[in-house]
J.: 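This is the structure I have questions about; it appears just below.
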Amino acid sequence: MWIEDRYGKASCLFTALLVVCAFPKRILANAFAANETAAKVYPGDAGYPSIEQWRALNASISGRLLKFSNPGNVCYGSAFNQNECARFKIQYNNATFVAGSSGLTNWPQWAGNPCPPPPLNNSIKAGPAEGCGVGKYPNYIVKATSAEDVATAVKWAAKAGVRVVVKNTGHDFLGRNVGYGSLSIWTRHIQGAEWTEKWNGTVAGNDISGRWKGAAWTYGSGMTWGQMNYLSAQKKHIVVAGAEGTVGAGGGWLLGGGHGPYSNVYGLGVEQVLEFQVVTPDGEIRIASPNQNQDLFWALRGGGASTYGIVTRVSYKVYPVPTVTFLALYMTPKGNSNADQESWYNGMAFYLAMHPNFTDFGLSGYPSLTKDSYSGMLMVIDKSPKELLDWFTPIQKKLESYNITVEPNTISNEEFSGMESMEVGNNGPAEPSGLLFSMSSRLFSRESLTEANVPNIAKMLKVLLHEPGAYLLPYPNIPGRSYHNRSWNYGLNPAWKTAAMHMISIWHLQEGDDKGLGRIGEFKKRDTRSPMDKLKEMDTKMVEQHIPAMDGLAQNHGAYINEGSPFEKNWQTTFYGGGANYEKLLAVKKKYDPQNVLWCFPCVGGDVFKEGEDGKLYHA
């Protein structure tokens, strides 16, 4: 099954210390290896670059080429160091650590989970030397600090036939930033930001803000939203940023669409872009804007990352700090009987059905929903606490009729800084690193979220929240009805334009935690399956149960490319809108990358290759 291929098979060693899964060094009964030729060259191949050629590349980029070494090796074999291992165990769940570590990704399952840290206790012991490998992590990394570094490396890799992957800060839920035997272009160190008081570009079109003549930042693609929020606050402005400050401001978040607490008022991230500097796969440094390389500018705004080129600089709209009112909302069922549970599902179904009204009112945020609680800090711009409570009170009374305890509290500050607003506006689960998880999502249509459809919404909730530890992230962060007639000249999935909710279904697999997913459903205490095997079963459930349950409410089967499942069966439609939109994106891909120097999945043109169980790419 392809879900198994996506992770790669692993040989697992069971010890008293932990379950160790090492990525294989050869293909085992792999159809691609038996019948197809590799699409790239890999270590051990006759055509793979020699050490002299790698040294020449290093010299050409001023010594910025790094050889990947898994930092988790301090927990294994002869490299074991108890103090360093304990430190690694802690940092393993730190997104900032991952962003600053060459090659690593926040979600190691996509690399085959090749070097998991041991349990943290008072008697940490060394894991077996064979337990820590490279997996699907890159072989070499270019620590780029400029567009010129990127251009030199990409041109070299294209000529050498080496696979290229791109990492910014490592926040990629779909694993597009890793690849076995690859050269990774690491853009985190392309820094800097320049303020423009009045943008002198010529952005036209009836977007949310109208023709842009306001302030703008021009920043290096390695800047994070935390950095940009801080800089904007110093100017008494805000940017439409991601909810996680450690996420890159010029990477996959932006190129996949980009939603945040302010996006339902000012538009999505792609609607803020005034201009890109981008290195295309031929090694050329180009400007993509309304006046130059317009087709590339269109595709980069929502058509996905690591596909048409590597962005190195962004010019982006900035807004004066608005007045913000927050609604801290906590809800629970009043009892724990079967009848109370049924009423909870029905009440939450009603609550979700009201979300088109949320977006129309301007309310956004990052709440979480489980089978027995809802919590979140929602926010609205240019509305007083009284206006907010007057609007919410009828909804609250209806929720209470479902025997639900509703605890709303408003918080107001007429001049929150952009950074403070971001921090307070996101009260959902913090995004950690290093956990194994399964995820799927859908963009719910306005037509499906109605009070008449409450029974079907409740039926969906029962499927999505059935397993212990599963939870939902129902995000009302899409512009409301009054913005539906705005111009839409973006490569982004058109479902975003009129959808009313971005819904994520997610599980985390937490081994050894009775409350987590290490023992989800049939996963018993004596279960000896490896974490990766359990994860494959979770992914199968996502595809066979969760996605169909959500799909009936979706806008054209749509989902957010950055927060979805890579195992979607019709990914061209789900992530890119299918039809004419996908074909136009594919035409841009073929124009700027005819040799498929850049490849990822499920990215536009991703079906040209298949990734084998050995991690190598093969012609499909």
Side-chain angles (χ1 to χ4, degrees), residues 2-3 5-8 32 38-40 42 103-112 135-139 141-142 150 153-154 157-158 161-187 221 248 250-257 278-281 296 299-300 302-311 439 491-493 559-568 571-572 574-576 582 585-586 588-590 592-612 614-620:
W2 190 75
I3 284 180
D5 294 342
R6 182 69 172 87
Y7 290 123
F32 290 116
K40 304 289 182 180
Y42 292 94
L104 291 186
T105 178
N106 276 39
W107 315 112
Q109 65 202 57
W110 303 120
K136 292 184 183 179
Y137 283 125
N139 202 18
I141 300 101
V142 172
V150 176
V154 168
V162 173
R163 180 177 177 181
V164 176
V165 297
V166 185
K167 174 188 172 180
N168 189 327
T169 60
H171 291 265
D172 191 335
F173 286 115
L174 281 74
R176 296 162 293 182
N177 53 6
V178 296
Y180 169 70
S182 63
L183 174 64
S184 174
I185 309 298
W186 188 20
T187 60
S221 60
W253 180 92
L254 181 59
L255 301 176
V278 56
V279 177
T280 46
L296 185 58
L300 288 171
S306 304
T307 301
Y308 320 96
I310 302 173
V311 168
M439 171 188 286
L492 183 63
N493 188 340
Y560 182 30
I561 178 59
N562 289 334
E563 292 169 339
S565 169
F567 309 118
E568 287 280 357
W571 55 269
Q572 295 94 332
T574 294
F575 294 132
Y576 305 103
Y582 182 80
L585 289 168
L586 185 59
V588 177
K589 167 69 174 176
K590 291 179 177 179
Y592 288 97
D593 190 14
Q595 303 303 316
N596 294 298
V597 175
L598 295 175
W599 181 91
C600 53
F601 194 88
C603 302
V604 170
D607 50 357
V608 69
F609 301 143
K610 289 284 189 179
E611 188 174 88
D614 57 352
K616 296 181 180 181
L617 298 184
Y618 294 89
H619 294 283

J.: Any chance the rings of W110 and F173 have centres within less than 6.0 Å?
T.: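 W110 vs F173: aromatic centres not under 6.0 Å.
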J.: So, does N139 use its side chain to make a donor-acceptor pair with the main chain of L183 at under 3.5 Å?
T.: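 Absent.
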J.: For a side-chain contact (heavy atoms from CB on, under 4.5 Å) check, start with the C-alpha distance between Y42 and L617, then their side-chain angles and the critical distance, and finish with the verdict.
T.: CA-CA 10 Å; Y42 292 94; L617 298 184; 3.5 Å; yes
J.: Yes or no on ring pair (Phe, Tyr, Trp, His ring centres under 6.0 Å) for Y618 and F609, after CA distance, side-chain angles and deciding distance?
T.: CA-CA 5 Å; Y618 294 89; F609 301 143; 9.8 Å; no
J.: Please give me the minimum heavy-atom distance between K40 and Q595, naming the atom from each residue.
T.: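 Taking K40 first and Q595 second, the nearest heavy atoms are NZ-O, 4.4 Å.
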J.: Using a 3.5 Å distance criterion without hydrogens, assess whether the side chain of Y576 forms a donor-acceptor pair with backbone atoms of L586.
T.: no
J.: Excluding sequence neighbours, so at least two apart, what forms salt bridge (charged side-chain N to carboxylate O under 4.0 Å, His left out) with K589?
T.: D593
J.: Run W599 and V164 through side-chain contact (heavy atoms from CB on, under 4.5 Å) and show every step you take.
T.: CA-CA 7 Å; W599 181 91; V164 176; over 6 Å; no
J.: Do N562 and H171 come close enough that some side-chain heavy atom pair is under 4.5 Å?
T.: no
J.: Taking only residues two or more places apart in sequence or in another chain, which ones pass side chain to side chain contact (heavy atoms under 4.5 Å, CB included) with V165?
T.: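 Partners of V165 by the side chain to side chain contact (heavy atoms under 4.5 Å, CB included) criterion, ordered by chain and then number, come out as R163, S182, S184.
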J.: Just wondering, do E563 and M439 contact through their side chains at under 4.5 Å, heavy atoms?
T.: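 The answer is yes; the side chains approach within 4.5 Å.
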J.: When you compare the side chain of R176 with that of F601, does any pair of heavy atoms fall below 4.5 Å?
T.: no
J.: Ignoring hydrogens, what is the shortest heavy-atom contact between Y592 and T280? Give both atom names and the distance.
T.: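 Closest approach of Y592 to T280: CD2-CG2, 3.8 Å.
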J.: Does the side-chain contact (heavy atoms from CB on, under 4.5 Å) test come out yes or no for E611 and K136, once each step is laid out?
T.: CA-CA 11 Å; E611 188 174 88; K136 292 184 183 179; 2.8 Å; yes
J.: Check L255, V278, V588 against Y308 for a side chain to side chain contact (heavy atoms under 4.5 Å, CB included) and give me the one that passes.
T.: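 Of all the options given, the one that passes is V588.
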J.: Hey, mind stepping through L598 and T307 against side-chain contact (heavy atoms from CB on, under 4.5 Å) and telling me if it holds?
T.: CA-CA 6 Å; L598 295 175; T307 301; 5.9 Å; no
J.: If you take all heavy atoms of G564 and L174, which pair is closest and at what distance?
T.: O-CD1, 3.5 Å
J.: So which atom in L585 and which in G303 form the shortest heavy-atom distance, rounded to 0.1 Å?
T.: CD2-CA, 3.9 Å
J.: How close do A153 and V142 get, heavy atom to heavy atom, and via which atoms?
T.: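 For A153 and V142, the tightest heavy-atom pair comes out as CB-CG2, 3.7 Å.
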J.: Do you know which two heavy atoms are closest between V178 and A111, and how far apart they sit?
T.: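 Scanning both residues completely, I find the closest heavy atoms to be CG2-N, 4.4 Å.
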J.: So do N177 and P138 actually touch side chain to side chain, heavy atoms under 4.5 Å?
T.: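 Heavy-atom side-chain distance check fails, nothing below 4.5 Å.
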J.: Is a side-chain N or O of D172 found less than 3.5 angstrom from the main chain of T105, in a donor-acceptor match?
T.: no
J.: Verify, without hydrogens or angle tests, whether N493 (side chain) and T574 (backbone) share a donor-acceptor contact under 3.5 angstrom.
T.: yes
J.: Just by modelled atom types, is the L104 backbone N or O under 3.5 Å from a matching donor or acceptor in the K167 side chain?
T.: yes
